[in-house]
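Contents: one structure, followed by commentary.
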Amino acid sequence: MNTPETTSPSLDIGIGGMTCASCSSRVERALKKVPGVQDATVNLATESARITFAAGEQMEARLRRAVRDAGYEPRTPAQMDAADDASPWAGFAPVAIGLVLSAPLVLPMLGDLFGQHWMLPAWVQFMLATPVQFILGARFYKAGWHALLALTGNMDLLVAIGTTAGWALSMWLWLTAAPGTSPHLYFEGSAVVVTLVLLGKFLEARAKRQTTTAIRALHALRPDVAHLIGLDGEMEVPVAEVMVGDRIVVKPGERFPVDGALLEGQTQVDESMLTGEPLPVPREPGDKLTGGSINGEGRVVLQVTAVGSETVLSRIIRLVEDAQAAKAPIQRLVDQVAAVFVPVVLVVSLVTLLTWLWWAGAPFETAVIHAVAVLVIACPCALGLATPAAIMAGTGVAAKYGILIKDAQALELAHKVDIVAFDKTGTLTLGRPILTALVPVEGADEAELLMAAASLQSGSEHPLARAVVAAAKAKEMTFGAPDNVRAVPGRGSEGEVDGRSFLIGSLRWMEELGVALRPLAARATELQQQGATVSAMAERTTDGLVLRALMAFGDEPKPGAQAALAALRARGIKPMMISGDNRGAAEAMARRLGLRPEDGEVMAEVLPGDKAALVAKLKQGGKTVAMVGDGVNDAPALAAADVGLAMGNGTDVAMHAAGITLMRGDVGLVAAALDISDRTVAKIRQNLFWAFAYNVAGIPLAALGYLNPVVAGAAMALSSVSVMSNALLLKRWRPPVCADRQLPGAG
């Protein structure tokens with residue numbers, strides 16, 4: 001007995017108060033300690049956690065309590081949305097107050113450059129610096145205290161210790177100074193560092209909001225109301241009240257509120273929000289309609305087929321959110337570094353203090369200032385933002401162009417791809433084959449065989465089966481339903497039509513069954529050399545299986561497929577085609593696509609069940625392999641590949657198995673997906689380099705006395721802002737093949 005597959009529930013929680021990689025690591029550890037939690041991933045850039053857990057009582061409340069006990073603020077979805085929709089200047093008030101109070105303290109430093117002595121009295125410096133230190137800087141003390149209780153460290157602890165040391169040193173020098181003297185105080189250092197850190201966090205928060213523009217734009221595509229046809233006629237209802245089976249009216253220019261099937265009317269639909277394709281597509285009764293797309297010139301009625309989280313748009317949003325919440329493999333290394341970073345910095349700061357005091361013989365205040373500079377410049381906030389900021393920006397801009405990256409690991413691996421293997425039908429070709437010839441054996445009636453074949457294939461969704469049915473309908477033939485139909489995966493089907501038993505399938509299957517193909521063997525070879533896919537039709541008789549006809553099918557390459565494969569080759573990537581066709585037909589199509597059969601770029605006569613094994617074979621020798629497909633039978637191969645790319649015009653099974661979904665059947669998006677992966681990984685590396693470089697260069701300079709706390713604070717704030725700004729440069733990316741196709745409103 002098969003047990004149904006169960007999925008562990010997951011929960012997203014917003015988290016306020018995180019400032020650096022150490023914070024996110026601490027929250028992650030706290031969540032993983034909650035009984036029943038299977039996994040927890042905390043993302044500093046999105047300020048959220050995704051937790052997977054076993055079902056249990058009050059699990060959400062326990063998880064939120066764990067976040068609060070760790071010293072952070074669990075946020076509700078409404079609070080997260082409010083933060084995303086906040087004004088660009090939200091949170092600037094504390095920064096402005098800090099700037100106003102700190103400016104008079106900095107003026108004497110500027111005056112010294114011009115030989116002017118503008119030093120303020122000690123009591124004025126105290127009155128200006130103290131509110132900055134203990135009111136505006138209260139957040140650092142609170143978060144630092146929670147870090148100490150948890151026996152860990154974070155950015156807030158470093159800032160709190162460093163600035164407090166500077167403020168306390170100034171108080172000590174002021175109160176112990178001889179009457180009538182004016183000692184040099186360091187109030188300005190502490191106040192300016194607190195202000196600069198607040199300014200850096202404000203700029204960082206603004207940059208974070210920009211990285212989530214893609215998600216907000218997708219949410220904005222959902223209408224709030226729908227025109228429901230009820231018992232009393234047409235009425236407006238909230239979209240949340242719409243149910244599957246309802247009939248909805250959509251007027252010209254409105255967005256479809258939910259997914260549905262067109263019942264009445266004809267129209268042109270702008271589906272660029274889904275596919276990135278700018279041209280409207282015609283829709284007639286019976287066609288599918290996607291929520292969020294825009295109705296053209298016609299008033300239409302649709303029947304609802306999906307609502308809420310089951311709509312295509314909701315699934316797209318979920319995919320992008322999953323990618324942005326996921327943790328790339330490289331981030332785990334960063335987390336390990338961050339876990340020991342703050343304790344190491346505290347030790348370095350203490351060593352700096354003692355070295356200046358005992359070895360260099362410096363005054364106590366000089367030693368303290370150098371130790372404070374070490375604490376301030378070493379804050380690891382840039383380290384924690386380096387990877388998630390780039391992933392958010394990269395996945396967001398990719399989503400604008402119909403490239404949905406649901407797996408951060410796929411994003412990180414895609415830039416290393418050596419081989420891209422393509423399924424042929426529906427991926428490299430249009431997937432709409434037509435019956436180009438039906439060749440009966442001598443004495444058989446062609447029309448009778450076509451009618452029987454169409455009847456047998458009438459219930460199949462296979463592209464070749466649909467081609468047979470379409471050919472019969474084109475000749476206005478009428479045919480009934482078959483009996484006892486049995487499909488043989490990868491080979492064909494058999495069934496009874498008007499009491500006769502027929503089989504239709506590949507030549508290989510016919511040979512396996514012992515069907516004599518000799519009467520039409522020469523004709524089959526000729527058709528294959530012309531690039532046709534050839535199937536055979538046999539009948540089960542008292543004398544055994546007897547060949548009745550050959551059927552030849554033709555398909556056309558997708559527009560742009562040849563250019564897309566050439567673009568991959570130009571990137572140093574080997575393109576390959578996997579086909580179930582015989583070698584002659586597969587190689588003929590491959591040459592039309594610009595592939596080189598002589599270089600092993602074509603794999604023919606591959607059964608659907610063998611594709612995954614073939615992908616595994618390609619991975620031998622350390623090769624990184626991507627698989628591109630669109631059908632149910634491609635799902636195992638997509639899962640077996642290092643990077644699976646599913647065509648969005650294919651099946652849900654294929655899209656579920658793949659790490660990347662291409663929302664339209666444009667082969668050019670494969671090269672675009674690899675390109676955005678390459679650029680995103682480059683940004684991650686650049687960010688990590690700069691984040692480490694600030695600390696590697698800054699800590700020794702501060703310890704040696706070349707940086708005062710003010711300069712160290714400015715450098716620390718600049719490191720976070722530069723990492724976020726560098727990641728945001730990805731928003732300017734355009735796909736190399738189809739740069740004019742962009743989702744409206746997503747920019």
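Between V628 and M647 the shortest side-chain heavy-atom distance falls below 4.5 Å. Two residues are said to be in side-chain contact when any heavy atoms from C-beta on lie closer than 4.5 Å; F422 and M627 fail this criterion. Side-chain contact check for M589 versus T429: some heavy-atom pair is nearer than 4.5 Å.
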### Query
Can R569 and E601 be said to form a salt bridge (charged side-chain N to carboxylate O under 4.0 Å, His left out), step by step?
CA-CA 11 Å; R569 189 175 278 112; E601 293 181 352; 2.6 Å; yes
### Message
Using the rule given for side-chain contact (heavy atoms from CB on, under 4.5 Å), can you reason through L593 versus M577, listing the C-alpha separation, both sets of side-chain angles and the distance that settles it, and then say yes or no?
### Response
CA-CA 10 Å; L593 289 163; M577 184 182 82; 4.0 Å; yes
### Task
Take R596 and V602 through the test side-chain contact (heavy atoms from CB on, under 4.5 Å) and record every step on the way to the result.
CA-CA 7 Å; R596 304 164 183 165; V602 179; over 6 Å; no
### Message
Apply side-chain contact (heavy atoms from CB on, under 4.5 Å) to residues S293 and V269 and explain how you reach the verdict.
### Response
CA-CA 7 Å; S293 56; V269 178; 3.6 Å; yes
### Query
What's the verdict on side-chain contact (heavy atoms from CB on, under 4.5 Å) for Q303 and V244, showing C-alpha distance, side-chain angles and the deciding distance?
CA-CA 8 Å; Q303 186 165 29; V244 173; over 6 Å; no
### Test salt bridge (charged side-chain N to carboxylate O under 4.0 Å, His left out) applied to D675 and R571, step by step
CA-CA 9 Å; D675 186 68; R571 292 176 63 89; 3.2 Å; yes
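A donor-acceptor pair is defined here as one N or O able to donate and one able to accept, closer than 3.5 Å; no such pair exists between the side chain of R299 and the backbone of P252. Side chain of S506 to backbone of S535: no donor-acceptor contact under 3.5 angstrom is found. Distance alone, capped at 3.5 Å, is enough to place a donor-acceptor pair between the E254 side chain and the K251 backbone. Remark: the backbone N or O of A487 is not paired with any side-chain donor or acceptor of S493 at under 3.5 angstrom. S677 contributes a side-chain N or O that, together with a main-chain N or O of L411, makes up a donor-acceptor pair within less than 3.5 Å.
Side-chain contact, N726 with Q686: a donor N or O sits under 3.5 Å from an acceptor N or O. Counted by atom type alone, T311 and S314 present one or more donor-acceptor pairs between their side chains at under 3.5 Å.
Among the candidates V250, N295, D287, D259, the single residue satisfying the side chain to side chain contact (heavy atoms under 4.5 Å, CB included) test with L302 is V250. R50 pairs with exactly one of N43, D12, T41 by the side-chain hydrogen bond (donor to acceptor under 3.5 Å, both in side chains) rule, that one being D12. Checking each of T290, V239, L313, T305 against V258 for a side chain to side chain contact (heavy atoms under 4.5 Å, CB included) leaves exactly one that passes, namely V239.
The pair E556-R592 meets the salt-bridge criterion, with a side-chain N (NZ, NE, NH1 or NH2) lying under 4.0 Å from an Asp/Glu carboxylate O. Of the charged side-chain nitrogens involved, none lies within less than 4.0 Å of a carboxylate oxygen, so that K416 and D642 do not count as a salt-bridged pair. Taking the charged nitrogens against the carboxylate oxygens, K623 and D418 have no contact shorter than 4.0 Å, which rules out a salt bridge.
For W690, there are no ring-ring contact (aromatic ring centres under 6.0 Å, His included) partners two or more places apart in sequence or in a different chain.
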